[in-house]
Each structure stands twice: as structure tokens, then as C-alpha cells.
Peer 1: 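First, the structure itself, so that you have it in front of you.
By convention in this document, chain letters (A, B, ...) are assigned in the order of the sequence lines, proteins followed by strands, and residues within each chain are numbered from 1. Bear in mind that the values here come from a model prediction, so they are computed numbers and not experimental data.
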Amino acid sequence: MHSHTRKLLTVITEAALESTLVRDLDQLHAHGYTITDARGKGSRGTRNAGWEANGNIRIEVVCDTVTAVNITAYFQEHYYDDYAMILFVSDIEVLRPEKF
Amino acid sequence: MHSHTRKLLTVITEAALESTLVRDLDQLHAHGYTITDARGKGSRGTRNAGWEANGNIRIEVVCDTVTAVNITAYFQEHYYDDYAMILFVSDIEVLRPEKF
Amino acid sequence: MHSHTRKLLTVITEAALESTLVRDLDQLHAHGYTITDARGKGSRGTRNAGWEANGNIRIEVVCDTVTAVNITAYFQEHYYDDYAMILFVSDIEVLRPEKF
Amino acid sequence: MIDPIILFFLLGAVAGLLRSELRLPAAIYEFVSIVLLLAIGLKGGVELARQPFTSLLPQMLTVVAMGFGLTLLAFPVLRYLGRFKRTDAASIAAHYGSVSVGTYAVAVAYLGSQQVSFEEHMPLLLVLLEVPAILVGIVLARGISRQTRWKSIAHEVFLGKGIVLLLGGLLIGWVAGPDGLSSIEPLFVDLFKGILALFLLEMGLIMATQMGSLRRHGPFLVVFAIAMPLFSALVGTWLGWFLGLSIGGTTILATLAASASYIAVPAAMRISVPEANPTLSLAGALGITFPFNVLIGIPLYHALAVWAQTFAKG
Amino acid sequence: MIDPIILFFLLGAVAGLLRSELRLPAAIYEFVSIVLLLAIGLKGGVELARQPFTSLLPQMLTVVAMGFGLTLLAFPVLRYLGRFKRTDAASIAAHYGSVSVGTYAVAVAYLGSQQVSFEEHMPLLLVLLEVPAILVGIVLARGISRQTRWKSIAHEVFLGKGIVLLLGGLLIGWVAGPDGLSSIEPLFVDLFKGILALFLLEMGLIMATQMGSLRRHGPFLVVFAIAMPLFSALVGTWLGWFLGLSIGGTTILATLAASASYIAVPAAMRISVPEANPTLSLAGALGITFPFNVLIGIPLYHALAVWAQTFAKG
Amino acid sequence: MIDPIILFFLLGAVAGLLRSELRLPAAIYEFVSIVLLLAIGLKGGVELARQPFTSLLPQMLTVVAMGFGLTLLAFPVLRYLGRFKRTDAASIAAHYGSVSVGTYAVAVAYLGSQQVSFEEHMPLLLVLLEVPAILVGIVLARGISRQTRWKSIAHEVFLGKGIVLLLGGLLIGWVAGPDGLSSIEPLFVDLFKGILALFLLEMGLIMATQMGSLRRHGPFLVVFAIAMPLFSALVGTWLGWFLGLSIGGTTILATLAASASYIAVPAAMRISVPEANPTLSLAGALGITFPFNVLIGIPLYHALAVWAQTFAKG
Ligand SMILES: Nc1ncnc2c1ncn2[C@@H]1O[C@H](COP(=O)(O)O)[C@@H](O)[C@H]1O
Ligand SMILES: Nc1ncnc2c1ncn2[C@@H]1O[C@H](COP(=O)(O)O)[C@@H](O)[C@H]1O
Ligand SMILES: Nc1ncnc2c1ncn2[C@@H]1O[C@H](COP(=O)(O)O)[C@@H](O)[C@H]1O
Ligand code: NA
Ligand code: NA
Ligand code: NA
């Protein structure tokens, strides 16, 4: 079993952005994504998911470094100012590198 | 406070596999696991969790390297061909190494 | 684009602790947190989230090393003995270090 | 006597303010609002089947004009008196120019328990009133530029959950007619007020979470969130009289005018005018205007309608 | 006149195809299906209490044979005409040899609004029909080998949500009898059609998501997904006549034969025949056959039953 | 004849023990319990409106004393006979000194189907009984020290979901009165037993998950979980007679005494006495006492009440 290094990009942001971001990810050449519902608190206050306008989502994208940089840059430019959003990247090992 | 290195194995796959995989994990000597509900997209299409047959789960297992390799190999052999599934591993630090 | 290293602290514990831990995090100078609902199994048995007393939560905190150590120490002292709880830390890269 | 559904709202508000552990799961909130939206639409649709569509055209046009007008009026007040940023003023104005379905439902329940009848096609006006304010809000925030992606805005506006369910209910009610719907009445008619009670319980809990941001945004917003509905209700009452509506119908129209959206407009603004701070409009609409209308406004607008009718006659 | 619950299905389908933001939370979908399954089981159970069990044995055996037969017939068509992989052909055949509870519920509602009565023990046949197709499908895909883990397959089949609730409802209804159940009727009887309306709204939304994969899998699947139910309905009608069922009962049996499973069978196949591509069967069963049956099939099968009865008599 | 809602409990239990795939989403469980809690509160509140509050004071005080007493009695048994750790004994005692709303609802349904009437203000006693056991349990576990954070404990106890909804329902019912509530009766009265059936289905499933931990904790817990309710029921019956309650009222009071909490107390103990092992109390309360009361206890306590009444008279 041979493993390869990739990036795991995690974005936590407002649920209202889901369909927009999913479209962006497709255009930025992410091969896939995973979304879970979340709640939380940050510099823009508490988002306790009690109702639709107030929920967060947590998006994970496994990808190569270039794609991670591209997505990060794009999201930073388009969403950081106006939306509750954080973004971080970590190193992971995957088995089938051709997938990501 | 002294910390120790372990592996965090993350599996994203079809919700229908939950009880099967949980049984496998027990047999492969994982000391525990955590599951969250998810949705997503990958090479096998969009799985938007609108209804039962179409949801994903995200399984996390904290374990030592050997166990991580075993689980990865087992899952790869038994599920990769027929199920929507991705799997990745990262390094983490834990406090009570005897637990994992 | 310039990125900076931070810690990602993940805590998996009983849902009943949510409001207590959130208060603790504020006092321990975490700048934010993200929570998702989870289920799982560990040394304290299966917690399948079928009903309120039996669910887990998964808390993520992005912070600097000192804060991560503080939170870990505090949680270990106050909750490890009496509650189902695990805790692990990994390295991540963030874009806006002043936030965390 | 106070309607028990109002008491559910108060229960939620008190529980929320005391930081009780009580929470309704998000799925329940959605279930309850889906049933309410469909029920309101269905009821209106059945009524539409009964009357020639063209006879409603004057009312429809008037109401759309009111939606445009109230938004355009609110904007300068917020921008110059309230000193809000352009985008914030535009967004808040859009919330107040549009309508709140929850407030509408409470008004319907109120008139029901007072045994005051009203023109049953009001849900049609409700749907119509949702839209113009959103368009005006976007134009006020952005200007009319080539860049505005009207196609995606139209998608956001017309295919949002609220409009689809209201409009869908209207069409189903219209096609099926009163007899066709009798088999689904136990859910959409008999349970209406019980489900509305649960909805209001949740609204009380949500309202309580808005108190914090309200404190942060200062007194102007509080004043606006009470003065604007009062003014809008006057406009609504006047238009009701102008259109020859019954006392009940006038009360509903005044309530629609006075209510501020917290579902359709926030969703649309978040995508189309992201620079606007959403907590401002929600603190006003949910923290002040909704409880004000539900507790004080609706009976007041009813009294106003009675007075207008008497005045007009005599 | 069109039944309003069908309109809910159309509303969901249109909203889904227009990519509306409307979604029902998964928890609501589950709630609604749990109530429907229990309600159907309860109603059948009450009726079972009224008649000697043995008198139903011929019908039960015939229906099980039909389940085996339709699956065995569908398989070679899919394998040799449709050129599907062995496992895919087996899996699709199992879906069409089994039944859809949602379609059954629509047929019941349809007959109710046409005031056509039918043998009330039909839910028993519904439960029986779920199972044989799954077993045949697995054997067709795998052959009968020592390796087949029949114990875990039996668990999967008999302890799936659908069968447990239907069978549980049947038993409860049987034990409690009509009087015993009167206290829970407001939920399980009065609300039945309203809840079915919500279910169909969701089914419309889900159907819309299948359109993409349908396009990918080409015309054979589309043709099969209409031709197979038509053929199965003929078989069902003939068996209904053979068993001496009423017009209503014959219509139901034809509908059961014509319907394709999208709950029990997909779940069982996913675990027992994982090599089969699940999107194929779902695209057929949900994207074509379900809407076909609901919109066109059921009235057609009713007409067929009337015709068969007349033909048999005269 | 067996009440069908009990059959739903058995269905859930059997499905759970056979490891069926059947699960109710957590949101549905919460929805169902919210409606039940509100419904119980509302019904009691309406009745409170009918009678002078002071006439109830003796009953209220007695019941609070019973809550204190039963917990104090259970503790030494668990500590010295059962050899539990101090904190575990205190926590289990608190569960048995408090009440189970689900058991109460089943008792109400049972008396309803037996057409036995009872004092309608029982929900008030239900609320009162929830609290004292929790306080005693905490003191037994911790002693009375300066460190005990009574403020946060009070918050936990009085603002938990259960008490807020019961008390809120009581107040709403009290303010609105019987006429005011008629519009929400279709949800909170007509659907009560149907929703209780779903609740019991879920309780059966949950009970089944407790069997594992029950086996681990040995026979003493099993014996205690049956003997304690029997003893408490005697106390309750005696107090019912002492307070001059009707047969129905005595049955309910005995049931309240016999029932063990599995919502309010576990939540409070988890935060205030975290050292106590929660699986012990839940295995007893949910795995043994709840099914025992529901299947055997309630009819028994009814018989006891009849006997006590006859004995007292003659
Ligand atoms: N330090 C943090 N650790 C973990 N999650 C965070 C942190 N800061 C923010 N978040 C999450 O990101 C969302 C948006 O953050 P913000 O833009 O800072 O309000 C919050 O609602 C949280 O869910
Ligand atoms: N590149 C990716 N990043 C994050 N999640 C992914 C990625 N690819 C696939 N997934 C998740 O894994 C599931 C199965 O993937 P697949 O087998 O590729 O269809 C998808 O439904 C996604 O939830
Ligand atoms: N090895 C593990 N890997 C992943 N999650 C775990 C592991 N051990 C425990 N957990 C999670 O942490 C919770 C509490 O663990 P414990 O205190 O060991 O019972 C469990 O319910 C699981 O959700
Ligand atoms: Na308005
Ligand atoms: Na079939
Ligand atoms: Na008790």
C-alpha cells in the first residue's frame, strides 16, 4: 500500500452560501467535496443553527496543493469581507492520488 | 502534559454501509469511532442526503499506524470498487495514548 | 498568499456538556469554535444519538499552541474522569493569523 | 381575551430570555413552516377558484405598487436619519417593504377568533407583496448596472422556499377547488392553529436570540422598527379603504404592510447584497417588529380598520 | 378530476426541475414515511381480524408466486435485450418484481376518491410482495453458492424499516381490532391523505434529482420503466380476476404488480449485491415508473379492471 | 383488552431487540415529546382555571414531601444493600424519586380507555414531583457545601426542556381556559394518543438499547427497578387515599410515585453529579421500570386503588 500526500481544505461558513460555493468548487477544479451541518461562534457572532438563516456548514475538499491555493485565494477575494467564513488547510495522505 | 502521535483516519462513504463498517472496525481492533452525517460529491456523483439511500457518513477513527494501515487495506479491498468511498489519514497528537 | 501555522483542537464528547464547554472556551480565550452533532463508540460504550441523553458533539477550535495547551489541560482536569470525551490536536495552516 | 397562540410566543420568548435549554430542532421548524405556507396558499387558492381573476387585478396592482412604495420610502429614512451604510439601508428597507408570513397567519387567527370575515384571496396579495421590495432593495444597494446578475436574482427570489410553497399551494387550491381539498383538510385546516402555536413558540425562542444584537445597534433601529410598521399600517388601511375592502380585509392589508420579512428577504439579500449586515435587519424585524405586530399591532390595525370604515361611511 | 395529492407530486417535481431552494429535511421525510407505513399496516390488520386467515391463503400464495415470476421474467429482458451487466439486470429486476408503498398509497387514495371499495386486506399482500423479488434478485446476481450469507440477507430483508413497520402495523391492527384503534385514528386515518400529500411533494423533489442519471443511461431503461409496469399490470389484473377479487381489489393488485420498489429493495441490494449500480434502478423506479404509475397508470389499471370484470361476466 | 399504544411499545422493543434497521430520527423524538409535554400541561392548566388554587395546596405540599421522602428512602437501600458508590446511589435514588412523563401519559390513556375519570389537575402534581428528587440527589451526592453552585443547579432544574414545556403549558391552559384552547385541540387533544403511540414506539427502541448495560450491572439493579416502584406505588396509593382522591386520581398518584425519570433527572445529574455513572440509572429506569409500569404496573395500581377505596369505605 502506497500513500500520497494531498491537502485537506476545510471551510466553515454560512449555510446560505452552500449552492454558490458548490458551483465555485466545480469551476475551480475540485474533484469532490463533503459537507456537514454545523453551528459555531467566531468574530461575526454566534450562529447557533436554530433556524435556516443562522446555520453554518463545514465543507471539506481533498485536493492537490495548487487547487487548494486557488480555492483559498478565490474564496478569500469573494467572500471573506461579507460572510462569516474561516478556512484552513492540513496535510493528509490518500491512497488513490488520481482521484484528487 | 505529554502528547503522543497517532493517526486520524477519515472515511467518507454511503450511509447504507454504517452498520457493516462499524462491525468491521470492531474486528480490526479500532478502539472507537465517531460518525457524523454528511452529503457531498465525488466520482460517483452527487449524494445530497435528501433521502435515506442518498446520504453519506463521515467516520473518524483515532488509532495507531498499524491499525490505520489495516483498516485502510481492508476497506480498500472490500468496498472501494462498489461503493462511493474516500479515505484519508492525518497525523494528530493525543494525550492518553493507551486509549487508541 | 502567505499562510501561518496554527493548531486545530478537536474534542468529541457528550452533547449534554455543550453549554458548559462553550462557556469554558470563552474563558480560555478561544476566539471561536465550530460544533457538529455526532455519534460514536469509545471506552464508555456506544453513544448512538438515538435520543438526547445519548448523543455526542464534535467541537473544533482553531487556535495558537498556548491556547490549545490550556484548553487541553483544563478539559483533562475537569471532564476526563467523568465524561465520555476524547481530544486530539493537529497542525493546520490558516490565512488570517490575527483571527485565531 | 388573549389568543392562546400569542401565549405560545410569550412562552418561547421568556424561555429564550431566561436561557432555558428548550430548543426546537431545525427540522421541526422547517416542517412547521412548510405546513403553514402550504396551508395559507391552499386556502387562498380555493378562494381564487371562486372569483373571476380579472376582478382582482386592481388589488394586485395596488399591492405591488405599495411594496415598491414602502421600500422606497423607508430607504432615505434609514440612510439619512439613521445614518446607515447605503447597503444596510437598502437591505433593511427591503425587509420592511416585504411581508412576514408568520404575522399574516397570526392576523388570520386573530380575525378568526374575533369572528371577523375577510376577503379570502389575501394569500395572493401576500405572495405578490414578497417580491417588489427585494428588487427595489437590490437596485438601491447596487444601482442598475450591467453587472447585476438578474437571472440569478430572479432564481433566488422566485424559487425560494417561501414563494414556491405559497404559490404552489395557491395553484393546487385553485385547481382542486374546495371539494377536492376536503380529504387533506385535517392536516392543513384543522391542525393550522396548533401548528401555528408551535411556530410561534419557536419564533419566541428566536426572537430572544436577537436581543443581544439589538442592544449593540442602538436606539434608532428600535424606533424605526416600531414607527415604520405604524406608518405602513396607515398606508395599508388607506389602500384597503381605497380598494373597498371589508373591515377584515383592510386589517389584513394593514398587517401585511406593517409586517417585515424574515425568511424570503434575508435569504435573497444575503446572496444579492452580501455587504449588508444581516443582523441589523433581523434584529429589527424579528426582535422588535414581529413581537410588536403580534402583541399590539394587529388589534390596533383592526381598530383602525373599524374606525376608517365608520369614518368613510359617516 | 385530478386528485390534489397528485398536484403535490407535480409541485415537487416542477420545483425540483427548476432547481428551487425547496427541500424537506430528511427527518421529515422519515417521519412522513413512518406514519404512512404504520397507517397502511394498521388498516390492513383491522381487516385481517375480521376474516378467517385460511381463506386468504390462496391469495397470499398467488401473490408470492407473482413476485417470483415477475422478477424472473424481467431479468432476461434486461440482461439480453437491455445488455445490462448480470448484477445490474438482477438488481433492476428485483426492484420491479417488488412493490412501492407510495404507489400503493396513491392507488388507495384514488379508489377512495372514486368511491370504489376494495378488499381491505391488501396491505397483507403488499408486505408479502416485498420479499420474494429480493431473494430472486440476489440469487440471480450471485448464483446459489455456499458463500451467500443468507442469515445476514434475511436480517436485511425482514428487519428493514419498511417491513417492520408494515408488519408491525398489521399485527397491532389485528390484535387491537377496529374499536381499539379508534383513539389513534386522528393521526393514522384522518391525517393520512394530508401526510401522503407531503410525501408526494418530497417524492416529486426526489424524482427531479433522478433526471440527470436517466439521461446518462439511455433510452432502453426509459422504455423498460414504462413497458414493464404495463405488462405487470396485465398479469396483476389477470390474477385479480383469477382470484375473484372485486374491481377495486383487482386495481390494487395490478398497481402492486406494476409498481417498482425504491425503499426496501435498494437498501437490500446495496448490501447484498453491491456490484450493481444503484443509480440505474433508482432512475427507472423513481424517475419514470413512479410518476408514470401515479399520473397515468393507476387510472388505466382501474379501467382495465372494470373491463376485465365486464368481459368475464359477459 | 390491551391498549394499542402498548402494542407500539412492544413493536419498538421487539424491533430493537432483533436489531432491526428501524430508527426514529432524533428530531422526531423531540417533536413528539414536545407535543406530549405541552398537551399534558395544557390539559392540567385548563382544569386549574376551574378551581380555587388554595384548595390544591395540601395536595401540592404532600406530593412535594413524597418526592423528598421516596428519594431519601431509596438512597440507603442502594448504598448499603446494593453497595453502589455514594454518587451512583444518590443519582439512582433521584431518578426513582422523580417522575416519568411518558409513564404518566400511558396511565392517562389507560384510565381513558377504562372510562375512569380522575382529578384533572394531576399535571400540576407531575411538575411538582419532578423537582425535589433532583435537589435531594445532589445533596446526597455532594453534601451541603459552600461549593455547590446552587444557581446553576436551579437553572438546570427549572429551565430544562421538560419543566419549561409542562409549566408553560399549564400557564397557557390556565390563562386561556377551555374555550380559548378549542382552536388548538386538533393538535394537542385529538392527536394525543396517536403521538403517544409514536413516542412509545421510540421508547421501545430505546429500551432495547439498555439491555446490554443491564446485563453488565447485575441482578440487584433489576430487583430494585421492580421492587422500588411497587413500594412507591403503595405510598402513592396511601397518600391518594389520605388526600381523598378519586380512584382515578389515586391510580395516577401511585403511577407517578412508581415511575422513574429518564429525561429531566438524567440531564440534571449529568451536569451536577458527573461522577455518577449514567448508564446505571438509565438501565434501571428505561430498561426495567418503564416497561414494568407500562405493561404490568398501571393496571395493578388501578386495582390497588379500587381495593383501597373499597377497604376505606367498608
Ligand atoms: N477559532 C475558531 N475555531 C473554530 N471555528 C471557528 C473559529 N472562528 C470561527 N469559527 C467558525 O467559523 C464561523 C465563521 O467565523 P467568523 O467569520 O469568525 O464569524 C463561525 O460561526 C464558527 O463556526
Ligand atoms: N475530493 C474530495 N474532497 C472531499 N470529499 C470528497 C472528495 N471526493 C469524494 N468525496 C466524498 O466522498 C464521497 C464518495 O466519493 P466518490 O466515491 O468519489 O463518489 C462523496 O460523496 C463525497 O462526500
Ligand atoms: N478511537 C477513537 N476514534 C474516534 N473516535 C473515538 C475514539 N474513541 C472514542 N471516540 C469518540 O469519543 C467519544 C467518547 O469516548 P470515550 O470517552 O472513550 O467513550 C465516543 O463516543 C466516540 O464518539
Ligand atoms: Na411590510
Ligand atoms: Na412490482
Ligand atoms: Na417516582
Peer 1: Identify the residues of residues 85-93 of chain C whose heavy atoms come closer than 4.5 Å to a heavy atom of chain F, ordered by number, or report 'none'.
Peer 2: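 Checking residues 85-93 of chain C against chain F gives no residue, so none.
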
Peer 1: Is it the side chain or the backbone of L286(F) that comes within 4.5 Å of chain C heavy atoms, both, or neither?
Peer 2: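 For L286(F), the contact with chain C is made by the side chain alone.
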
Peer 1: Taking non-hydrogen atoms and a cut-off under 4.5 angstrom, which of residues 86-102 of chain F neighbour chain C?
Peer 2: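 At a heavy-atom separation under 4.5 Å, chain C is reached by no residue of residues 86-102 of chain F.
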
Peer 1: Is L282(F) in contact with chain C via its backbone, its side chain, both, or neither, using a 4.5 Å heavy-atom distance?
Peer 2: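 Contact with chain C involves the side chain of L282(F) alone.
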
Peer 1: Atom CZ in R44(C), atom CG in N277(F): separation rounded to 0.5 Å?
Peer 2: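 Answer for the CZ-CG pair, R44(C) versus N277(F), is 7.5 Å.
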
Peer 1: Chain C heavy atoms under 4.5 Å from A267(F): which part of the residue, side chain, backbone, both or neither?
Peer 2: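 Neither part, no heavy atoms under 4.5 Å.
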
Peer 1: Taking side chain as everything from C-beta outward and backbone as N, CA, C, O, which of these in N54(C) sits under 4.5 Å from a heavy atom of chain F? Side chain, backbone, both or neither.
Peer 2: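 Nothing of N54(C), per the 4.5 Å heavy-atom cut-off to chain F.
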
Peer 1: So what's closer than 4.5 Å to chain C heavy atoms on I206(F): side chain, backbone, both or neither?
Peer 2: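 For I206(F), the contact with chain C is made by the side chain alone.
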
Peer 1: If every non-hydrogen atom of D82(C) is compared with every non-hydrogen atom of R270(F), which pair is closest and at what distance?
Peer 2: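 Scanning both residues, the minimum pair turns out to be O-NH2, 2.6 Å.
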
Peer 1: With rounding to the nearest 0.5 Å, note down the distance linking CG in N48(C) to OG1 in T209(F).
Peer 2: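 Output value for this atom pair is 6.0 Å.
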
